Amino acid sequence: MDTDLSSQDRKDLDKFIKFFALKTVQVIVQARLGEKICTRSSSSPTGSDWFNLAIKDIPEVTHEAKKALAGQLPAVGRSMCVEISLKTSEGDSMELEIWCLEMNEKCDKEIKVSYTVYNRLSLLLKSLLAITRVTPAYRLSRKQGHEYVILYRIYFGEVQLSGLGEGFQTVRVGTVGTPVGTITLSCAYRINLAFMSTRQFERTPPIMGIIIDHFVDRPYPSSSPMHPCNYRAGEDNGAVYPSVEDSQEVCTTSFSTSPPSQLSSSRLSYQPAALGVGSADMGYPVLFAGGLNAAHPHQLIGPGKEGGVPPVPNQPAHGTQADQERMCTPLDGVHYSAATPSSSEDTETVSNSSEGKCGSPHDLLETIFIRKVGAFVNKPINQVNPPESPETESPLQGSLHSEGSSGSSTGNTHDDFVMIDFKPAFSKDDILPMDLGTFYREFQNPPQLSSLSIDIGAQSMAEDLDSLPEKLAVHEKNVKEFDAFVETLQ
Amino acid sequence: MVGPGRSRCCGPSGAAPAMNCRAEVLEVSVEGRQVEEAMLAVLHTILLHRSTGKFHYKKEGTYSIGTVGTQDVDCDFIDFAYVRVSSEELDRALRKAVGEFKNALRGSGSDGMGQISLEFYQKKKSRWPFSDECIPWELWTIKVNVVNLANEQERQICREKVGEKLCEKTINIVELMNRHEYLPKMPTQSEVDNVFDTSLKDVQPYLYKISYQITDSLGTSVTTTMRRLIKDTLAL
């Protein structure tokens, strides 16, 4: 019941929740990019830094978040979730975390929206910054690279925790009471990672000195696609997404020490957009070396095979998207396009123009869909969930398997993970085909010197005695030379 | 290691309506070379939540708030990473205090036990010639036990264990921060220096001070050092 809430407060509250949701997604995804994040403090308010925190907006992430929200806000029974998972180059994937932004029915009617709620949301974002660094997935994400990559997926609706395995743990980031309900932010994370040494996922140097950051295409027909957490800020990949920094979405930075009556009001309008299909492209998997649990089927089913959700017929027909496994989101996707950043409204009505998206996103997808990875275990085929679309497989898959088979694999088909034979830096195949550990063990116990053994020693002694007179005669002949030598030393 | 203990202590006697200062205690056991990073991690995590952007007061009693940047910090001796406020001044101030604490821990008479406290307080103006009163409203105490390790294997284990413990402490700190208990009311322009440290040029933490105590082998406190890290110290 929000009959006590003024319309202005209601508008402000809706806007705060909306941008809080968007910033939450940014913080989580950026924390899984594998890089250290650094933003600058600014003593002067810029008007675009929501919650007085410098959190950059990756346009693609904002776009995906808006698409998942589809004009709605987290409410009771409708949670916004960010799923973080890990994927190997062989196609195995594993959910690591689910971050949930939920709303419950407990209302705080007395709280001031424009001041207290805003500041508490700011505090909650700071807590999120801190907590995203302490869950196990953070360390994994810092080490992602050739062996595995980290994926993110945003969805809206019911929280799905089944993919986290048994005994997952939950950490509550915080709550903020509002007049329309209490916002709760929490994270459920898989814990059986703790039994796997993170050293297994140390970066290995690229093969032949070539840095390869391509990834095997794994189409994701799930309700919302997986995306990689490897955005490189500053790269002009050509994909143009509507910027979140709309001129009309000014964040509230003015406060009053008196009752809030002088805040600038910003227009908040969202209309349930008539939405088309969500994009299913841009799956940047986190490729992961090592045998993990078999990929979750809902992530790796081939195109069009995921539970009866057909591609929307009016999806843009440009090359990239046509190649990808496009699935509708349950909430209907969003017609998005290369909308100019100056798209004014908050609505998601964007045209199906494919021009802006044809070029570089396609190139980008191409680059990410060719993957070459280093030492991988040769997993039995029946344990790996191969992609259903062979045409998008890396042409190098065959070579990968042959490489892997030359190495020893001690994996049990039913193990959660498989031992990988790493080839350490100092091991050279052409000299000694063994790793450092094997070398050390072998040469730790060298054979005894032959001259120290009794039998051989006795034999050589007898021989020495026999040859002694001859040697003495030779030395006597050279006495003068020896004396001269000794004199030079003195 | 014990988790945070919560207790309430009264403000200084003579404070008019009794203002409860909530106190939280965290305990960590670390190796000598980890002391600095562990303390900085905890202090920065707390100050991240207790710092805001610079206030800019306008007419008619309104004010706007600057932006707080953040940055990731990787520890060298601990398998741990944390987020701190992007403010070199604040970082320097904390490093200075932690450095002194570390040196005191190493000093003679110490068996490697001590505690460092971060206190948030408000100033209450008093009339001349009396100095302003400092009323604490939140006190964080980090008890440190320095252990000596025999070999590299133990050190490696310690790296990981201390990293896990700091993760737990971060979760504890966040949980306490989000209880939304007492915070000083947002001040007017004339009173902002009674609530916030306005000396930094890029961020504005609540007024705080850091102190430490070293425990000798007998368990008694031999050194109490108060360091005022606020700019406008009123010591006479």
Side-chain angles (χ1 to χ4, degrees), chain A residues 27 31 35-55 108 111 115-116 118-120 122-136 138-139 142 171-177 185 194 198 252-263, chain B residues 44-46 48-74 79-88 90 160 163-164 166-171 173-175 177-180 183 185-189 191-192 200-204:
Chain A
V27 168
E35 297 163 354
K36 286 167 71 167
I37 305 294
C38 180
T39 57
R40 294 174 67 176
S41 301
S42 167
S43 61
S44 303
T46 60
S48 61
D49 287 325
W50 277 92
F51 309 105
N52 309 117
L53 282 174
I55 299 172
D108 183 346
I111 200 167
Y115 167 69
T116 309
Y118 189 84
N119 285 341
R120 287 185 180 179
S122 176
L123 192 74
L124 187 52
L125 273 178
K126 291 172 183 172
S127 298
L128 182 65
L129 281 163
I131 295 291
T132 45
R133 274 65 176 174
V134 303
T135 54
Y138 179 72
R139 289 189 64 198
R142 289 293 299 270
V171 58
R172 183 146 85 165
V173 182
T175 61
V176 173
L185 186 54
T198 51
T252 304
T253 57
S254 260
F255 295 89
S256 174
T257 51
S258 53
S261 59
Q262 294 154 3
L263 296 173
Chain B
H44 269 304
T45 300
I46 295 169
L48 171 68
H49 291 81
R50 292 286 180 250
S51 297
T52 175
K54 298 282 289 182
F55 281 15
H56 297 272
Y57 286 91
K58 307 170 192 171
K59 298 175 187 176
E60 301 159 356
T62 62
Y63 63 96
S64 58
I65 307 179
T67 300
V68 173
T70 58
Q71 58 188 84
D72 283 311
V73 180
D74 288 338
D79 287 346
F80 185 69
Y82 61 94
V83 176
R84 70 168 176 90
V85 169
S86 289
S87 167
E88 293 311 311
L90 184 63
E160 296 169 5
E164 290 168 14
L166 289 177
C167 289
E168 289 177 23
K169 302 308 164 193
T170 302
I171 295 173
I173 292 167
V174 161
E175 182 196 358
M177 291 293 183
N178 278 273
R179 288 190 188 174
H180 303 305
L183 279 180
K185 203 170 64 169
M186 283 299 149
T188 58
Q189 188 170 11
E191 298 205 337
V192 66
L200 304 176
K201 66 174 191 285
D202 43 13
V203 295
Q204 191 172 286

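What you are looking at is a predicted structure, and each value in this text was computed from that prediction instead of being measured. Lettering follows sequence order; numbering is per chain, from 1.
Taking NZ of Lys54(B) as the reference point, atom OG of Ser42(A) lies at 12.0 Å (rounded to 0.5 Å). Rounding to the nearest 0.5 Å places OG1 of Thr39(A) at 8.0 Å from CD of Gln71(B). Rounded to the nearest 0.5 angstrom, Asn52(A) CG and Ser64(B) OG are separated by 9.0 Å.
The closest side-chain heavy-atom distance from Ile65(B) to Tyr118(A) is not below 4.5 Å.
Closest heavy-atom contact between Asp72(B) and Lys36(A): O-CE, 3.4 Å. Here the closest heavy-atom approach between residue Thr70(B) and residue Leu129(A) is recorded as CG2-CD1, 3.8 Å. Considering all non-hydrogen atoms of both residues, His180(B) and Thr175(A) come closest at NE2-O, 2.8 Å. In terms of heavy atoms, Ser41(A) sits closest to Gly69(B) at OG-N, 2.9 Å.
Although no hydrogens or angles enter the test, the distance criterion places a donor-acceptor pair under 3.5 Å between the side chain of Asn178(B) and the main chain of Val173(A). For Ser43(A) (side chain) and Gly66(B) (main-chain N/O), no donor-acceptor pair under 3.5 Å exists by modelled atom type.
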Carefully, step by step, assess Asp49(A) and Thr67(B) under the rule side chain to side chain donor-acceptor pair (under 3.5 Å).
CA-CA 7 Å; Asp49(A) 287 325; Thr67(B) 300; 3.0 Å; yes
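When Leu48(B), Val203(B), Thr45(B), Thr52(B) are compared by the number of non-hydrogen pairs under 4.5 Å with chain A, Leu48(B) comes out ahead. The most heavy-atom pairs under 4.5 Å with chain B, out of Cys38(A), Ala54(A), Ser127(A), Gly174(A), come from Ser127(A). No other option in Ile171(B), Leu200(B), Asp74(B), Thr170(B) has as many heavy-atom pairs under 4.5 Å with chain A as Asp74(B). Among the candidates Asp79(B), Leu183(B), Leu166(B), the residue making the largest number of heavy-atom pairs closer than 4.5 Å to chain A is Asp79(B). When the candidates Lys126(A), Arg172(A), Arg40(A) are compared by the number of heavy-atom contacts under 4.5 Å with chain B, Lys126(A) comes out ahead.
The contact between Phe80(B) and chain A is made entirely by side chain atoms (from C-beta outward), counting heavy-atom distances below 4.5 Å. With a threshold of 4.5 angstrom between heavy atoms, His56(B) approaches chain A through side-chain atoms but not through N, CA, C or O.
For Glu164(B), there are no salt bridge (charged side-chain N to carboxylate O under 4.0 Å, His left out) partners, not counting sequence neighbours.
The one candidate from Val134(A), Ile131(A), Val171(A) that meets the side-chain contact (heavy atoms from CB on, under 4.5 Å) condition with Cys167(B) is Val134(A).
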